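Chain A is the first sequence line, chain B the second, and so forth, proteins listed ahead of strands; every chain is numbered from 1. Just so it is clear, the model here is predicted, and its values are computed rather than measured.
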Protein chains: 2
Amino acid sequence: MEQTPHLLLAEDESSLGFLLKENLRLAGFKINLCKDGAEALEAFKTGKFDLCIFDVNMPKKDGFELAADIRLLDKFVPIIFLTANSSEEDKLKGFEIGGDEYITKPFSTQELIARIKAIIKRTQFVKPEIATEQKILSAGITEVDITNHVIIQNGQEKRISNTEAELLKLFITHKNNLLTRSVILLNVWGRDDFYSARNLDVYINKLRKLLKEDPSLEIVNIHGSGFKLAENVGA
Amino acid sequence: MEQTPHLLLAEDESSLGFLLKENLRLAGFKINLCKDGAEALEAFKTGKFDLCIFDVNMPKKDGFELAADIRLLDKFVPIIFLTANSSEEDKLKGFEIGGDEYITKPFSTQELIARIKAIIKRTQFVKPEIATEQKILSAGITEVDITNHVIIQNGQEKRISNTEAELLKLFITHKNNLLTRSVILLNVWGRDDFYSARNLDVYINKLRKLLKEDPSLEIVNIHGSGFKLAENVGA
DNA sequence: TAAAAATATTAAGAAAACATTAACCTTTGG
DNA sequence: CCAAAGGTTAATGTTTTCTTAATATTTTTA
């Protein structure tokens, strides 16, 4: 994260948008203001943002659609929804999509700033996607070419899928450490619910089959907690 | 973090407190309900909580004072304030103290649950600094690897269950001190009733069997009060 | 010392977590 | 527009852990 947090603001009412932008700037943030969802999505693809603030009611692409699209690109970036609609249903929908806040208009700018700071404070330690993309990871006799989705064992190459690669990367970069189910799910799937948990089981099974070739590696389950890639050096 | 998040709830209105506790329990959380700030502070010192929910208006020690005290003990644990007062000033005060949420009554339980989950999710991502952290506690000749649910005695490893680990952790972090049945039950089971009490007896028995290997450790019963892990250095 | 309360022990039953395989969508490249 | 691959959901079986129950023992109190 840069020194001054960079916010992406999508708000179609230009007067409110401008006011917010100015106040947030004074509060020490860098703001990129977009007038609709489509523009915001483009901006997000181009830049790097620490937090998003989306009006829910916008033309072209509303705040929820926008958030859903953003979540496909980035599982982690915090999202705050702004709306005139205080309905319970809408609020819950906002959280379900993976929003962090749901603020109903009218709201105080001071309060918004306080909430932004609270969120940034608790996300600032979150691991950023590894900038120096390490191409090859290894453990035991297994090498994984993350970018090309290939694993190499005893000179033999095998292609693996995107999800397999992500999961394996997570295990190898934290080998011998317990990864809780929740941590794995959020890092690989971006959500933590019943189905993604079943999914994880399926992929654990796939990885175990892949790692059968490597006697020094084993994915062990810690019942009720999660999994650990154990590297047995003695083997 | 354990599988079921553990919440500390301080609410002086017993009817609201009970209702919340029940709803949160059904949502899959373990709750420790305290009826005032002083009691909550004590509970916080004894147990380990993933998130705190404090009513602002409470006798003895209000929610803000309580939060300030907690912040001295733990700079990161998320705090949610509940209050009937929706004044701007109060809200900002809540955030300034380092609160993560400020919810005004009346509020929907569903919304509260959604917000709790959003916050917990944020704190679940892999953080580089904690990924490698392996919590090992020790007493006598016994070492307990809390994260991996393993105890080590004389170089011998034994796997233990989630509940065994939690209970043992509680004993070791308070060794030579009496832990009342009630404190143990609330911290490990999140409830204090007839059945959980029988359960505790069962687990005391399990731990005693584990600790048989260690002549310097003994779980002693103080009849009518609770239990104590006695560490006998001379042995 | 007998009755009551609290604690201890073991085992059976229930529930939760995990593993495995297959079916079913969804996306994507020809 | 089809086929292949990857991802998700479903179904089912197994293992582990947790809870409840049943019964025995110890400690306190009347």
Side-chain angles (χ1 to χ4, degrees), chain A residues 68-69 71-73 75 148-151 158-168 171 178-185 187-212 218-230, chain B residues 2-4 25-30 148-151 158-168 171 178-182 184-185 187-212 218-230:
Chain A
D69 288 347
R71 273 280 166 268
L72 294 177
L73 300 170
K75 294 192 285 286
N148 293 313
H149 297 177
V150 166
I151 75 171
K158 256 186 261 173
R159 296 210 51 220
I160 59 178
S161 79
N162 200 8
T163 310
E164 286 164 347
E166 286 268 316
L167 183 56
L168 193 49
F171 272 123
L178 168 69
L179 290 168
T180 66
R181 292 188 85 101
S182 180
V183 162
I184 298 172
L185 291 171
N187 278 281
V188 178
W189 281 271
R191 51 191 244 267
D192 175 0
D193 52 33
F194 176 81
Y195 292 114
S196 52
R198 289 315 96 236
N199 222 336
L200 171 56
D201 291 335
V202 172
Y203 275 85
I204 289 288
N205 188 250
K206 293 184 184 195
L207 286 195
R208 280 182 173 148
K209 281 177 184 163
L210 284 174
L211 295 182
K212 273 235 176 76
E218 190 186 7
I219 296 176
V220 300
N221 169 254
I222 284 96
H223 195 102
S225 296
F227 298 89
K228 169 171 91 168
L229 177 67
Chain B
E2 313 95 84
Q3 201 71 346
T4 55
R25 196 179 62 75
L26 290 173
F29 301 108
K30 265 197 293 190
N148 290 312
H149 294 178
V150 164
I151 76 172
K158 257 184 259 172
R159 301 190 55 179
I160 60 179
S161 81
N162 222 321
T163 310
E164 287 163 347
E166 289 220 18
L167 184 55
L168 192 49
F171 272 122
L178 168 69
L179 288 166
T180 66
R181 293 186 85 102
S182 173
I184 298 173
L185 290 172
N187 276 285
V188 178
W189 281 270
R191 55 189 237 267
D192 175 0
D193 53 31
F194 175 80
Y195 291 115
S196 51
R198 288 316 96 236
N199 226 333
L200 170 55
D201 291 335
V202 171
Y203 275 84
I204 289 287
N205 188 251
K206 293 185 184 196
L207 286 196
R208 280 182 174 147
K209 280 178 183 164
L210 285 173
L211 296 182
K212 273 233 177 76
E218 190 186 6
I219 295 175
V220 298
N221 169 255
I222 286 90
H223 196 97
S225 303
F227 298 89
K228 168 171 91 168
L229 177 67

Of the candidate nucleotides [options], which contains the atom at the shortest distance from the side chain of [X]?
X         : options                   : value
Arg198(B) : dT19(D), dT9(D), dT7(C)   : dT7(C)
His223(B) : dT7(C), dG7(D), dT10(C)   : dT7(C)
Ile204(B) : dG7(D), dA8(C), dT21(C)   : dA8(C)
Ser161(A) : dT19(D), dT21(C), dG7(D)  : dG7(D)
Asn205(B) : dT9(C), dT20(D), dA10(D)  : dT9(C)
Asp201(A) : dT9(D), dA19(C), dA8(C)   : dA19(C)
Arg181(B) : dT9(D), dT7(C), dT20(D)   : dT7(C)
Trp189(B) : dT19(D), dA21(D), dA19(C) : dT19(D)
Arg191(B) : dT20(D), dA8(C), dT8(D)   : dT20(D)

Applying a 4.0 Å non-hydrogen cut-off, can you work out what [X] is touching in the nucleic acid: base, sugar-phosphate, or nothing?
X         : answer
Asn221(B) : sugar-phosphate
Leu200(A) : nothing
Phe194(A) : nothing
Ser196(B) : nothing
Arg159(A) : nothing

Measure from CD on Glu164(A) to C1' on dT8(D) and round the result to the nearest Å.
->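 The distance from CD of Glu164(A) to C1' of dT8(D) comes to 14 Å, rounded to the nearest Å.
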Please check if atom CZ in Arg198(B) has more than 12 non-hydrogen atoms from other residues, nucleotides or ligands closer than 6.0 Å.
->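 Count over threshold, so yes.
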Would you mind checking if Glu164(B) and Lys158(B) are paired as a salt bridge, meaning a charged N to carboxylate O distance below 4.0 Å?
->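 Here Lys158(B) does not pair with Glu164(B) in a salt bridge, since their nearest N and O are not under 4.0 Å apart.
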